[in-house]
Amino acid sequence: MAKEYKFREIEKKWHQKWVEQQTYRVTEDTTKPKYYVLNMFPYPSGAGLHVGHPLGYIASDIYARYKRQQGFNVLNPMGYDSYGLPAEQYAIQTGQHPEKTTFRNIDRYREQLDKIGFSFDWSREVRTCTPDYYHWTQWAFQKMFNSYFDEELQKAQPIEKLIDKFKAEGTWPADEQAQSELLMQHRIAYLGETMVNWCPALGTVLANDEVVNGVSERGGYPVEQKKMRQWCLRVSAYSQRLLDGLDTIQWSESIKETQRNWIGRSEGAEIQIKLAGNPGESEDSFTIFTTRADTMFGVTFFVLAPESELVDKVTTPGQRAAVDEYIKYVKSRTERERMIDHTVTGVFTGAYGINPITGDKCPIYVAEYVLAGYGTGAIMAVPAHDSRDYAFAKHFNLPIIPLIEGADVSQESYDAKEGTVMNSPVSKDKSMEYDGESLCLNGLSIKEAIAETKRFVKEHGLGRVKVNYRLRDAIFSRQRYWGEPFPVYYKRGIPTMIPEECLPVELPQVDKFLPTETGEPPLGNATKWAWDEKNKKIVENSLIDEENVFPIELYTMPGFAGSSAYYLRYMDPHNNEALVSEKAASYWQNVDLYVGGSEHATGHLIYSRFWNKFLFDLGVSKKEEPFQRLINQGMIQGWSSFVYRLRDTNKFISFDLLEEQYDDAKKKNLYFYQGKEADPVYADISMVNGNVLDVEKIRQWTPEFGQAEFILNANGQYIVNQAIEKMSKSKYNVVNPDDICERYGADTLRLYEMFLGPIEQSKPWDVAGIDGCHRFLKKFWMLFWDKDGQLVADDSEPTAENMKSLHKLIKKVSTDIEEFSYNTSIPAFMVATTELTNQKCHSRRVLEPLVALITPFCPHIAEELWEALGHSTTVCDAPWPEFNEKFLVETTVKMPVQFNGKVRFTLDLPADMAKEEIEKTALTAPEGQKYLEGMQVVKIVVVPGRIINIVIKPA
RNA sequence: GCCCAGAUGGUGGAAUCGGUAGACACGAGGGACUUAAAAUCCCUUGGCUUCACGGCCGUACGGGUUCGAGUCCCGUUCCGGGCACCA
């Protein structure tokens, strides 16, 4: 009897053994080099894992196992990002404590993960919602509170240093309140009155990356701008370092570019503009920011952002009413409206500014197209060379002065930064003189003109060169329950830190997860949420006396708080004294390989880099960048199936019977049946076979379908419409990995997920092909057993052919793993297996390395075969086979081409082979002889790799 | 609008540095074994043309460089992602 591949038994057996033998447990082993592999930890949602989740985990597991076999001490931990909105929303609906549902979901995730055979060291698991974990989130926050960013040193420094500086300068106020306010302007974690993205439906503020197209990322609810006092992190202070760091890490170019865009560095100049005929107000000048200093001669007006404090100061009494009206209008508009609708609006303030270069008096407007948060909130408008200024000038009939030779500005502005400058100045007396020098840019290129203007402005004290960043500080508080509480109390209104030794401040119990009746966040429902300063403990709210007992912060931290430094905690997860010990941090340093989705490009991956840089400044983190190499796995999409219900009926029409019409306005297809519109309804993927609906099955699914009438096509089938969409429970297109494990085994699942295509690409899940992977594993298995079920391995000498098949595979698989193109390794495995089967290879010296090679991909079958081969140690430590080129030496001429007296060969030859040998080989190869006969070899050029050019001439 | 990444059979995708395009797999069709099914194995499978041998055309489109281009250069179209009144 042939030995059957019983994957269920094999996988169960090894899952148990791995647990018993603690196969994947790692310690700081200084005798080995370290390698740190990390997956973005999942948020444990109620829906469980679908086949898309493990994609990245499998990819990183393969790499981790490969590194381990190469002799590295590999840290490969896993945990849960377990604070989050869904659990809280669920709690509001059901009254169940979010911790309960979260832990239940975690158990389910763990069960699913365990089936796939990952090499995670579970002894290092972290959960962001447990006090021993968020202790260190709170601790980091306090450190940020007690630090400021020193612009000169470009790093975080203790706040005491700043206080000393103020004291030395004599600017340190006596009043406690004033001290607090002064320091707030410098602390890295600070309480700030800022415009925030307020989402009324979620009842909380959101960070910029949580708002997409003016609506909340989660739920898609409208977001408005609101001025609120919030905790913020001074991420913007690190802009330059965040930008510079990108050049030192191996991330995909596209994600680096996304971050560069988000940081948005722009070099420009700030220029002082004097007000003309100062209308008796305190202010006599304002500052504008421009990247196009070269266009100073084309300025025809100035514009202030509506939110700018300057508006109030410059507005003349005559224009006051109009300006107030306009500000009121701007406030009435939501973020979304402003983003979609770019109609030109604005109003004249009545004031004029003086162009310091030309001395011209230009009107000052207020318009919403200028943003308060960027630059100085004031601009100089050059309608000829900026499309927004152009639209504004046309609307308000303001002059347009072209400054670039050949630029036609009669229809649109000329925004491009190329060309030769003219009209700058138009004539000599149109340029102001400073210290005997006046500016002239005519004839210069734009680039030269910018530099020249900057120099002029700087040298004559008209302004300064300035770099601006688009990156904003992160809003760090949320008006939610299920998050880290702030270790902060308000001592007579002054935010004060709860002493470090009293951390963690645990999340209090509440009976309701909704905001209070007075509109306070959910923590307002807690009755024991006051800080007793004297006794250093949390006490009942009723004891608040504003002398010794003070209210504690009601906000909680946002989702990214817990995920910003979790990689450090994995190094030393049970440490009660520190976030991470010096020893562990020094050993593990930073993450060598990070795998996760690219959707975190402007969120987690920026915050985490910022957080790490801060901890690096503190000396806690040992590397400036937390993630050396980043791989972004693509999404696995699902095939959604739609059935069509005739509107206002319970009749479902087979898709092929419908008439299709494209609606341009809605940008989608509409379907009609006998003139009546039919609406799509999701059908569960499990009820569809190909594109045919199992009508009986769907009838049992919901009562709605149970009573429905299904109109079938001529073949008696109900055809569904299909579309590729993101895999999601609500789209009923989820494929569960458990089912695949049950049917084919984890090894097949692992192999197949890699076989689907390049890791970084999004691709639809398609079960076609999984049979092929399973079949391969069976073939691979059968390579080791004879027809009686006996192991075939013996000590025989491998043939040259055997070694060639093996070493071809070693080479391919090794480079593929390094380059993360696992999908191309799998065909190579298939070819090698077929070759070795045909060669009837029984040699241990081939079979053992073969098992070692498949270990990262399919660890279960590998362990089983490794054991069968007589090893008592785990295959995880089987050394990675070394590639030896000599086994590939068997010359075959792949492609001879003759031209111009040159012959080019492609040969399978080692790169370091001596030239004479190459020549000999080439000349004796049958194809070579055909071309070289009667020729004299003049020169042989060996291109590294295995291509040679042979230059010949007639003998 | 700006930036980034793509486009190869019915499908996923191979093709190393510019060297036989379509490896490998899926799907489809045909066959063997079998009472039958499953499993397994074998053959065919880019298009057009030919009884056949073969020939011609083919890597989104149009040019270019080269003895030779899927690959390099210029331009165009389309799809995906990011940013977007950022001065």
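Labels below follow one simple rule: chain letters A, B, ... track the order of the sequence lines, proteins then strands, and each chain is numbered from 1. All heavy atoms count here, side chains included; hydrogens, waters and symmetry mates do not.
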Provide the Watson-Crick or G-U wobble partner of [N], both distances under 3.5 Å; none if there is no partner.
{"N": "U35(B)", "result": "none"}
{"N": "A23(B)", "result": "none"}
{"N": "C61(B)", "result": "G75(B)"}
{"N": "C2(B)", "result": "G82(B)"}
{"N": "A28(B)", "result": "U44(B)"}

If we take the [atom1] atom in both [N] and [M], what is their distance in whole Å?
{"N": "A21(B)", "M": "G58(B)", "atom1": "P", "result": "12 Å"}
{"N": "U59(B)", "M": "A14(B)", "atom1": "C1'", "result": "13 Å"}
{"N": "A23(B)", "M": "G12(B)", "atom1": "C1'", "result": "13 Å"}
{"N": "C61(B)", "M": "G9(B)", "atom1": "P", "result": "10 Å"}
{"N": "G27(B)", "M": "U76(B)", "atom1": "C1'", "result": "35 Å"}
{"N": "G13(B)", "M": "U66(B)", "atom1": "P", "result": "35 Å"}
{"N": "G22(B)", "M": "A7(B)", "atom1": "C1'", "result": "16 Å"}
{"N": "G19(B)", "M": "A15(B)", "atom1": "P", "result": "12 Å"}

Could you tell me the separation between the [atom1] atom of [X] and the [atom2] atom of [N], rounded to a whole number of Å?
{"X": "Y752(A)", "N": "A25(B)", "atom1": "OH", "atom2": "C1'", "answer": "9 Å"}
{"X": "E412(A)", "N": "G1(B)", "atom1": "CD", "atom2": "P", "answer": "11 Å"}
{"X": "L756(A)", "N": "G12(B)", "atom1": "CG", "atom2": "C1'", "answer": "8 Å"}
{"X": "E307(A)", "N": "C85(B)", "atom1": "CD", "atom2": "P", "answer": "13 Å"}
{"X": "R743(A)", "N": "A39(B)", "atom1": "CZ", "atom2": "P", "answer": "9 Å"}
{"X": "D386(A)", "N": "A84(B)", "atom1": "CG", "atom2": "P", "answer": "17 Å"}
{"X": "H774(A)", "N": "A38(B)", "atom1": "NE2", "atom2": "P", "answer": "16 Å"}
{"X": "Y469(A)", "N": "C83(B)", "atom1": "OH", "atom2": "P", "answer": "20 Å"}

State, without any angle test, whether [X] and [Y] hold a side-chain donor-acceptor pair at a distance under 3.5 Å.
{"X": "N468(A)", "Y": "S266(A)", "result": "no"}
{"X": "D415(A)", "Y": "Y390(A)", "result": "no"}
{"X": "T349(A)", "Y": "Y365(A)", "result": "no"}

Output the single nucleotide from [options] whose closest atom is nearest the side chain of [X].
{"X": "F755(A)", "options": "C85(B), A25(B), U40(B)", "answer": "A25(B)"}
{"X": "P827(A)", "options": "C85(B), C24(B), A87(B)", "answer": "C24(B)"}
{"X": "S254(A)", "options": "A87(B), A15(B), C4(B)", "answer": "C4(B)"}
{"X": "V831(A)", "options": "C85(B), A87(B), C24(B)", "answer": "C24(B)"}
{"X": "K778(A)", "options": "A39(B), A87(B), C85(B)", "answer": "A39(B)"}

Any [X] side-chain nitrogen or oxygen under 4.0 Å from OP1 or OP2 of [N]:
{"X": "R775(A)", "N": "C26(B)", "answer": "yes"}
{"X": "N823(A)", "N": "G12(B)", "answer": "no"}
{"X": "Y369(A)", "N": "A87(B)", "answer": "no"}
{"X": "T815(A)", "N": "U16(B)", "answer": "no"}
{"X": "R260(A)", "N": "C3(B)", "answer": "no"}

Students often get this wrong, so: under 4.0 angstrom with heavy atoms, is [X] touching a base, only sugar-phosphate, or nothing?
{"X": "R472(A)", "result": "base"}
{"X": "L371(A)", "result": "base"}
{"X": "G772(A)", "result": "sugar-phosphate"}
{"X": "V370(A)", "result": "base"}
{"X": "S252(A)", "result": "nothing"}

Exercise. Honestly, is R775(A) close enough over W781(A), meaning NZ or CZ under 6.0 Å from the six-membered ring centre and within 45° of the axis?
Worked result: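 The answer is no, since R775(A) fails at least one limit relative to W781(A).
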Exercise. Start at the 5' end of RNA chain B and walk down; is the nucleotide closest to T290(A) or to E257(A) reached first?
Worked result: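 By nearest-heavy-atom nucleotide position, the 5'-most residue is E257(A).
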For this session: Please tell me which of K779(A) and C773(A) maps to the more 5' nucleotide of RNA chain B, matching each residue to the nucleotide holding its nearest heavy atom.
Result: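 Checking each residue's closest nucleotide, the 5'-ward one belongs to C773(A).
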Exercise. H385(A) and S413(A): side-chain hydrogen bond (donor to acceptor under 3.5 Å, both in side chains), yes or no, with the steps?
Worked result: CA-CA 5 Å; H385(A) 302 293; S413(A) 62; over 6 Å; no
For this session: Measure the acute angle between the ring planes of H807(A) and F883(A), then classify it against the limits of 30° and 60° as parallel, tilted or perpendicular.
Result: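 Ring orientation of H807(A) relative to F883(A): tilted.
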For this session: Name the orientation of the base relative to the sugar in G9(B): syn if the glycosidic angle is within 90° of 0, else anti.
Result: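 Because its glycosidic torsion lies within 90° of 0, G9(B) adopts the syn conformation.
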Problem set entry | Full working for side-chain hydrogen bond (donor to acceptor under 3.5 Å, both in side chains) between E270(A) and T287(A) | CA-CA 6 Å; E270(A) 280 185 358; T287(A) 308; 5.6 Å; no
For this session: For the pair Y5(A) and F780(A), evaluate ring pair (Phe, Tyr, Trp, His ring centres under 6.0 Å) and give the outcome as yes or no after the intermediate values.
Result: CA-CA 10 Å; Y5(A) 169 44; F780(A) 186 84; 9.5 Å; no
